[in-house]
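Per chain, numbering begins at 1; letters A, B, ... match sequence-line order.
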Amino acid sequence: MEEAVVVTPGEVLGTTSDVKAGRGAYAAPHNDTVYASLTGFRRILPPSLDSSDQRPTVEVTGHKAHGPVPQPGSVVIARVTKVMARTASADIMCVGSKSVREKFTGIIRQQDVRATEIDKVEMHLCFHPGDIVRAHVLSLGDARAYFLSTAKNELGVVSAESIAGATMVPVSWTEMQCPLTGQIEQRKVAKAAS
Amino acid sequence: MEAITLIDQSVCPGDVVLDVSTIANHTIKLGGGLRQDGDVISVTKSGTLRFSNPNKYWVQISQKRYVPQQKDSVLGIVVDSRSDNFLVDIKGPALAFLPVLAFEGGTRRNIPKFEIGTLLYVRVVKANPGMNPELSCTDASGKAAEFGALKDGYMFECTTGLSRMLLSSPTCPVLDALGKKLSFEIAVGLNGRVWVNAASPHTTIIVANAVMNSETLSGAQQRIMVEKLLQKIQ
């Protein structure tokens with residue numbers, strides 16, 4: 001049932017004996033109270049009929065729509081910003097099929113570029129600044145960036161521009177060719193979805 | 001437009017060097033300063049057009065800026081030191097990294113302590129566009145081979161064209177003429193930096209001035225210039 005009650009982070013939503021903490025709420029371990037962790041509208045969901053735990057779930061949903069946030073396991077589209085000796089930085093642009101609202105940075109480490117011969121990877125033969133890559137989020141990483149991986153056939157560079165300025169055409173899983181000059185450049189190419 | 005007329009001539013950006021449609025079944029290799037624009041090869045940097053058999057064309061450029069290239073020997077100045085590499089300025093678009101272990105017999109226990117401002121003679125190991133170049137103080141086989149810090153002496157900057165001329169073989173006329181009368185050490189970096197060291201500051205200044213003056217002079221003119229300079233002093 002919809003209620004127009006707005007709650008703020010830290011507000012008490014109930015006790016753990018009465019309600020279960022859902023999205024946007026958490027149960028404090030030291031006392032048995034459920035608090036809100038987001039600002040938004042409080043909603044109480046009835047318990048599912050066949051579960052042993054008959055407490056309703058309380059959740060707090062945002063009062064304005066949030067953009068999607070990369071989660072471990074999601075597939076993201078990112079643009080490579082910097083390529084260094086053992087890592088490449090990328091700006092995450094889309095999570096799944098939705099574009100993000102805030103800036104998220106990802107890092108692709110040398111050992112996560114591909115699945116085979118991971119210590120012989122040369123980063124500049126896999127990515128160039130400006131390439132669009134499809135990657136898989138490994139983890140939330142550190143305070144600066146998510147850890148991304150392109151270690152699957154369908155992950156890697158999706159679109160790249162050649163030195164001459166034209167969009168390149170994939171030729172194999174390691175090469176892309178410029179249509180204007182015919183020059184071949186090395187990238188870790190994603191297998192096109194058939 | 002036949003390329004033959006322009007070889008060894010000065011060219012400017014925009015000059016059309018060759019029309020590819022006129023020569024069928026022939027591969028041409030384009031070096032620096034040339035660009036293929038559809039059917040036409042045009043110049044992108046001003047310099048002298050050079051040709052080498054059988055099919056290589058390039059523009060010989062002399063500029064004050066340096067574009068890092070693999071295998072070049074350059075003079076760098078230490079700007080900062082990190083745990084795993086030194087940051088070195090080599091007059092390129094980005095700072096270069098010199099790994100702390102890239103020295104002959106380099107281990108974690110005997111990492112050299114370079115102060116900020118130390119002048120180093122180093123070799124460029126990796127130089128990819130968009131990435132920071134990587135340097136080394138050893139040659140390709142791992143020996144020290146004169147690479148490392150340069151002590152004392154005087155360093156001045158010049159164009160990349162002058163550096164290449166000083167390093168050409170047979171010995172550049174200005175260095176040959178100076179070497180016959182004076183005793184000095186010189187290190188030339190392809191990035192447009194030259195270091196000179198001699199017993200007295202007097203000699204150092206003469207050598208530095210002679211080298212700086214010799215860029216636009218021909219071989220004979222260089223020898224005459226050096227003679228006149230030495231006559232004035234003695």
Side-chain angles (χ1 to χ4, degrees), chain A residues 78-91 105-113 119-133 142 144-145 150 156-157 159-169 174-188, chain B residues 17-21 23-45 55-58 67-71 80 82-88 90 92-102 124-136:
Chain A
R79 178 187 293 122
V80 177
T81 49
K82 198 166 167 194
V83 178
M84 292 171 290
R86 277 183 277 271
T87 55
S89 294
D91 265 348
T105 318
I107 281 194
I108 308 173
R109 291 172 301 178
Q110 182 186 16
Q111 62 265 37
D112 299 326
V113 171
D119 44 345
K120 295 203 187 113
V121 167
E122 293 265 351
M123 293 308 285
H124 70 277
L125 295 179
C126 299
F127 307 110
H128 275 220
D131 289 354
I132 308 290
V133 298
D142 55 22
R144 287 168 289 191
T150 53
V157 174
S159 164
E161 226 183 60
S162 73
I163 302 172
T167 309
M168 291 197 286
V169 171
T174 50
E175 291 171 342
M176 292 185 107
Q177 190 172 28
C178 171
L180 286 183
T181 56
Q183 255 184 315
I184 302 239
E185 289 182 36
Q186 309 252 36
R187 300 286 200 280
K188 198 276 171 188
Chain B
V17 158
L18 198 61
D19 199 326
V20 186
S21 50
I23 23 156
N25 276 352
H26 207 53
T27 6
I28 312 178
K29 290 191 186 170
L30 298 180
L34 291 173
R35 188 182 113 93
Q36 181 183 2
D37 220 345
D39 263 351
V40 132
I41 312 283
S42 52
V43 175
T44 56
K45 284 189 149 218
N55 55 3
K56 284 194 206 141
Y57 290 92
W58 76 96
V67 176
Q69 274 296 328
Q70 204 185 22
K71 296 189 203 165
D80 200 0
R82 300 261 177 86
S83 57
D84 54 346
N85 40 37
F86 295 104
L87 301 185
V88 180
I90 54 172
L95 288 178
F97 292 156
L98 171 61
V100 293
L101 301 176
V124 178
V125 171
K126 263 202 239 176
N128 304 114
M131 281 171 66
N132 298 76
E134 207 183 282
L135 307 172
S136 172

A:R79, CZ: over 12 other non-hydrogen atoms inside 6.0 angstrom: no
Check this for me: B:K126, atom NZ, are more than 12 non-hydrogen atoms of other residues, nucleotides or ligands nearer than 6.0 Å? yes
Does any heavy atom of chain B fall under 4.5 Å from the side chain of A:E122, the backbone, both, or neither of them? side chain
Could you state the interatomic distance from CD (A:Q183) to CG (B:L30), rounded to the nearest 0.5 Å? 9.0 Å
Once rounded to the nearest 0.5 Å, what's the spacing between atom CZ of B:R35 and atom CD1 of A:I163? 11.5 Å
Closest non-hydrogen atom pair, A:P129 against B:G130: CG-CA, 4.5 Å
Minimum heavy-atom separation for B:M131 and A:V83, please, with both atom names. CG-O, 2.8 Å
